[in-house]
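One structure is given here, and the rest of the page talks about it.
In what follows, chains are A, B, ... by sequence order, proteins preceding strands, each numbered from 1.
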Amino acid sequence: MPAFPGRARPVPGGGHRGAERADRSPRRDGRPRGAVAHAPWPADRLRAKRRWPVERSRGLKLVTGIPYRFDRTATAADVTHQGADLEPGGESGQEVSVAGRVMLSRPQGRLAFAELRDSSGAVQLMALHALTEDFEAFTRLRLGDWIGARGEVIRTKRGEVSVKVAEWCLLAEARRSFGDKWRGVTDIETRFRQREVDLWANEASRKVLLLRSNMLRRLRQRLWDEGFVEVETPILHPIPGGAHARPFVTHHNALDADLYLRIAPELYLKRLVVGGFEKVFEVGRLFRNEGLSPRHNPEFTAIELYQAYADYTDLMVLVEELVSGLAGDLLGTTSLVYQGRPLDLTPPWRRATLVELVAEATGRDVGVHVPVAELRRVLRDEGVPFEEAWGPGKLLLELYEKTTEASLWGPVFVCDYPAEVSPLARRHRDDPTLVERFEPVVAGRELGNAFSELTDPDDQRARFEAQAAERAAGDDEAMPVDEEYLQAMEYGLPPTAGLGIGIDRLAMILADVANIREVIAFPTLRPER
RNA sequence: GCGCCUCUAGCUCAACGGCAGAGCAACGGACUCUUAAUCCGCAGGUUUCGGGUUCGAAUCCCGAGGGGCGCACCA
């Protein structure tokens, strides 16, 4: 019965690894108890407390063997489609094999219904004592069991498209309960510690991760279409650089050297531009040794891209097009609602300088040229703490972040930051105390960061040294001097614009979720004891 | 790191100083068109952990641990 390989023997010499299969003999009387009984730590106290029978379906044929493969001929969605035109009680004459997880079981004497869910959706199975093989066992299926089933596509008298099961097989048994069939799993800790349970039980969770995956696919496609080359740069860095953040430290034994998990790929990517890659991007994980919050995970995904011969104004257009384009691709509109509040991503987005926005939010007329004493007074009046060592640029940035950023619903490009706090950005063509930099702010949060890149190695060295001085003065997030990078710049970095976007943050916006953990499959949690 | 809140059966939740309970799941049974099926029955607990107060603690107090939120941090 080729359509239903559940009981098919491994094809000799054919297919995959057939000859190497260690276990050629079906387990005839139950599965080895040791497989579940030895429970290595942290098989955990939870398991000890649970009382699910290790061996279920006693006296039934289920345990005679789980097949190695299963030939599915239709998904749940396919079946629903195939049966769409059937009248209640109608039979299609079409036979399908479906596979998935049992979501509901409604045995009813000599008739039984079950809901089977796969990644396409759900379809009902109908089993009949007179028709279905192993009918008794079918009625004993539990929530969470995986099965494969073959049968005709029909519509029941009550009108539901179903597969009338002629033959079926167990693909995996659920030895643990997956939660309340109606309310699912809502405990936040369980949801994120046992994400597989959350994903099984909560459709919304699956949708969010699927949206993220689709978002990344579309993002890559758009950049490839624009001629960007996707590259990969090191995650283990000898010197942490490219951002203002504390790194994770690790150690390489053979080299006997400490290495840092990257806080940003920026410097390597620009070295690739020096090497002739005119349009590059990288999507990858960044690691910052900082606190957790609903908007911060210690490891997060960012995209950085660099485009030679462009400046930051080009990137504003690119960001608008990318973000609104992704919204259109994935949601069908650029006019969305985030956390109950309208958010219109349709280009063009507002462009305003940081100083203008601070003035709007606070009524304060400030700027990098305002004397430090006066800036300090403004911060004090606004209730923003500061440190003596801070120059005007840092004071201004702090003022913006504490008083203005969160109030910007956006989207808005916050432009022209102080040079003092932007050691890798090129000085503004109209004012050398500023840099040509912008952050796209959406829903009160920065979504990314971009600038016209600093290309002058002498200026870069001076900026690094200023950073190093701050580092020496106790700021362990300031960048050290990176001689390798300076050397690269000395070979010549053409005018280049660079951009970073937080993928998790973007996914949060598009998925309309408030917590970054929702968009990360396995967010960082404190290890259980 | 600090503050506030929280932790009860596999899951979702009651009980709030006086015998730890319900629904779902699970387990046993009935049922040939169910839709969170229904019905009967049976089980299920170190109330996160450790101390304390009390005749008596899931409940009040102290400490520890996990989680949530906020703050700090995060340019």
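Taking atom P in both C16(B) and U38(B), one finds a spacing of 29 Å when rounded to whole Å. Taking the P atom of each, G41(B) and U47(B) are spaced 29 Å apart, rounded to whole Å. G50(B) and U59(B) are spaced 12 Å apart, taking the P atom of each and rounding to whole Å. Nucleotides A36(B) and C73(B) have their C1' atoms positioned 46 Å apart, rounded to a whole Å. Atom name C1', nucleotides C42(B) and U35(B): the rounded distance is 27 Å, in whole Å.
A straight line from CD of Gln124(A) to P of A37(B) spans 10 Å, rounded to a whole angstrom. Atoms CZ (Phe113(A)) and P (U38(B)) sit 15 Å apart, rounded to a whole Å. In this structure, Glu189(A) places its CD atom 13 Å from P of U48(B), rounding to the nearest Å. The separation between Arg445(A) atom CZ and C73(B) atom P is 12 Å, rounded to whole Å. Atoms CG (Leu104(A)) and P (U38(B)) sit 11 Å apart, rounded to a whole Å. Remark: P of G66(B) and CG of Leu292(A) are 13 Å apart, rounded to the nearest angstrom. Whole-Å rounding puts the Glu398(A) CD to A72(B) P distance at 9 Å. Following rounding to the nearest Å, Phe135(A) (CZ) and C31(B) (P) show an atom-to-atom distance of 11 Å.
Contacts of Pro107(A) with the nucleic acid, taken as non-hydrogen atoms under 4.0 Å apart, include base atoms. Using a 4.0 Å heavy-atom cutoff across all strands shown, Thr156(A) reaches at least one base atom of the nucleic acid. Here Arg106(A) lies in heavy-atom contact (under 4.0 Å) with a base. Glu115(A) comes within contact range of no nucleotide atom at all, as no heavy-atom separation falls under 4.0 Å.
Using bins of under 30°, 30° to 60° and over 60° for the plane-to-plane angle, the ring pair Tyr338(A)/Trp409(A) lands in the tilted bin. By the 30° and 60° cut-offs, the orientation of the rings of Tyr312(A) relative to His428(A) is perpendicular.
With a 6.0 Å cutoff to the six-membered ring centre and a 45° limit on the axis angle, Arg351(A) does not count as a cation-pi contact of Phe413(A).
Shown here, C11(B) forms a base pair with G23(B); the pair counts as Watson-Crick or G-U wobble because both key distances fall under 3.5 Å. As the counterpart of G45(B), no nucleotide is assigned, since no Watson-Crick or G-U wobble pattern has both distances under 3.5 Å.
Side-chain atoms of Gln108(A) stay outside donor-acceptor range of the base of U32(B), with no qualifying N/O pair under 3.5 Å.
For His237(A) and Tyr260(A), the ring centers are positioned 6.0 Å apart or more.
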